[in-house]
Amino acid sequence: MIRFEHVFKRYPERGEALSDVSFEMNVGEMAFLTGHSGAGKSTLLRLLGLLERPTRGQVVVHGRNLASLPRGQIPFHRRQVGMIFQDYRLLPDRSVFDNVALPLVVAGLPHKDIGRRVRAALDQVGLLKRERATPSALSGGEQQRVGIARAVVARPPVLLADEPTGNLDPDLSREIFELFERFHAVGVTLLIATHDLSLVRSMSHRTFTLHDGRLVKDSGGH
Amino acid sequence: MAKRRAQRSRAPGLLERPGIWFNQHLQSIVATLGRLFDTPLPTGMTVAVIGISLSLPAALYVLTDNLRTMAGGWDQTAAVSLFLQYETSDSAAAVVADKLRGWPEIAQVQLVTREQALAEFRALGGFEAALEQIKTNPLPVVLAIYPRTADSTPARMEALQTKLLALPEADFTRMDTLWLQRFQAILDLVQSAALLLGGLLGMGVLLIVGNTIRLEILNRRNEIEIMELVGATAAFIRRPFLYAGVWYGLLGGLTAWLLVSLAVLLLQHPVSRLASLYRSEFPLSGLGLAATGVILASSILLGLIGSWIAVNRHLRGAEPG
């Protein structure tokens, strides 16, 4: 489902963020991506979401080679990859419902399907009753769950999360990770960047460790 | 399941999903208008600026149009009025008129007897008291001379006048068309100025719309970024801004139409009063159907082009670094 082949990413101002990273993840696999701050976790996820392109090497997602994907196809790639951010990236002036509906609106789904699917996604994250609230009325944990609902509402086969619990306390973090487990159970491929090592250890999943842009440890898989 | 996902991942073509395409446009058109009305004050100000800008050339057009109509009513007046010597009798004048009718450059000669002239003069009003005082008819016989169209150039008219003055019965001539020609030239000038002004103000509208849309794009930067993250196409993101430009143009055009129509309505009364002083009637014509169409079409086009320029400069779509 996800394949990195000798991927390098160099920023003109920061130097090498990723060097010679290669790995492969199967369909339905769940994995953690750990490492110190600035090790390249975010860069790796940004490459997968096509927020950046690699300087060298191949990134293949869902059989699509992202290096050669034309610009016009980027939106259609992103619809296949749900992204979750540390700062949630919600629209503050829109209701929870509208925030979650955004990927479906953008994809041009009929109105009645949007309502049904948004409520299903909100139900999955336990926020069905808050659909009319604006994000500012929600707690951090709730806001992140809105972010997750938005990421899964279009049922993408791949979910990426960049420090999803970076701003949350341990109990809320655990809840969020349990949510991820549930998506894993229904066959979604997940890659979660985190430095919450205690949580990672408690949930026996494959773990990649990055150090200074190099993949130094891969706990399992192939 | 994988197959279904693969299908969904394909970019939907225009012909494959016309329903989606149509729905998204319709939604965007309505949503954009709603957004404009959510902020009535800034929207109103932008629309007012566009409306006022467009109303100026439109008003000039209406002005020249009306003046042209008015001048059209005078086209039948005599080209040259030949005033005969005061002593010339009506019968002698008729002989002169017959002679003139034989001249090749003259199409028609109309004799205005002293009595007719006096009656016409009386009809003009305001002179009854003066005429009472004079007792005798002070007016000479006048021959209204219409030259052939080919001979109505300024040079030929000059030659004709000289020839007429050489007649023993002639006193003096007056060219009735010269001032009309001058008037036409002035109208042409005003109309050219209106066009030029229209061009300049059109550029102004372009800049106003462009700048308004640019600010809106900057205000919604965050929203645009998030939409790109969840897979919005460049076209989807641009669409509401382009429609906003069209709405600004349409509303501005309607405002211009309203302003000009209102001005015509307000001016009708004073113009009627002025016309009545000349014993005449003059209904002002406003913007006709064609002119209204031109105003609305050009305002919509200006709005669209203005927003298109802004969108092209500030929205380049998802661009990975």
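Here is the naming used below: chain letters follow the sequence lines, and residue numbers restart at 1 for every chain.
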Quiz item: What are the two closest heavy atoms between B:Leu229 and A:Phe85, and how far apart are they?
Solution: CD1-CZ, 3.4 Å

Quiz item: Does a side-chain N-to-carboxylate-O contact under 4.0 Å join B:Glu225 and A:Arg89?
Solution: yes

Exercise. Would you indicate whether A:Arg116, at its atom CZ, is surrounded by more than 12 heavy atoms from other residues, nucleotides or ligands within a distance under 6.0 Å?
Key: yes

Quiz item: What part of A:Leu47 gets closer than 4.5 Å to chain B, counting heavy atoms only: side chain, backbone, both or neither?
Solution: neither

Quiz prompt | pair A:Arg79-B:Thr233: side-chain heavy atoms closer than 4.5 Å | solution = yes

Practice problem: Tell me, yes or no, whether the heavy-atom count around B:Phe236 atom CZ, taken from other residues, nucleotides or ligands under 6.0 Å, exceeds 12. | Solution: yes

Self-check item: Crowding at CZ, B:Phe37 (>12 non-hydrogen neighbours, <6.0 Å)
Solution: no

Quiz item: What do you reckon, is CZ of B:Arg221 surrounded by more than 12 foreign heavy atoms closer than 6.0 Å?
Solution: yes

Quiz item: Heavy-atom count around B:Leu266 CG within 6.0 Å, excluding the residue itself: above 12?
Solution: yes

Quiz item: Does atom NE2 of A:His184 have more than 12 heavy-atom neighbours from other groups under 6.0 Å away?
Solution: yes

Exercise. Just do the side-chain contact (heavy atoms from CB on, under 4.5 Å) check on B:Ile237 and A:Val106 with the steps written out, would you?
Key: CA-CA 9 Å; B:Ile237 289 171; A:Val106 151; over 6 Å; no

Exercise. Tell me, for A:Pro92 versus chain B, whether the close heavy atoms (under 4.5 Å) come from the side chain, the backbone, both or neither.
Key: side chain

Practice problem: Side chain from CB out, backbone as N, CA, C, O: work out which of these in A:Val105 comes under 4.5 Å of a heavy atom of chain B, or both, or neither. | Solution: both

Quiz item: How many angstroms lie between atom CZ of A:Arg150 and atom CD1 of B:Ile226, to the nearest 0.5 angstrom?
Solution: 5.5 Å

Quiz item: What is the distance from atom CD of B:Glu228 to atom CD1 of A:Ile74, rounded to the nearest 0.5 Å?
Solution: 9.5 Å

Self-check item: Neighbour count above 12 (heavy atom, 6.0 Å) for A:Arg94 CZ
Solution: yes

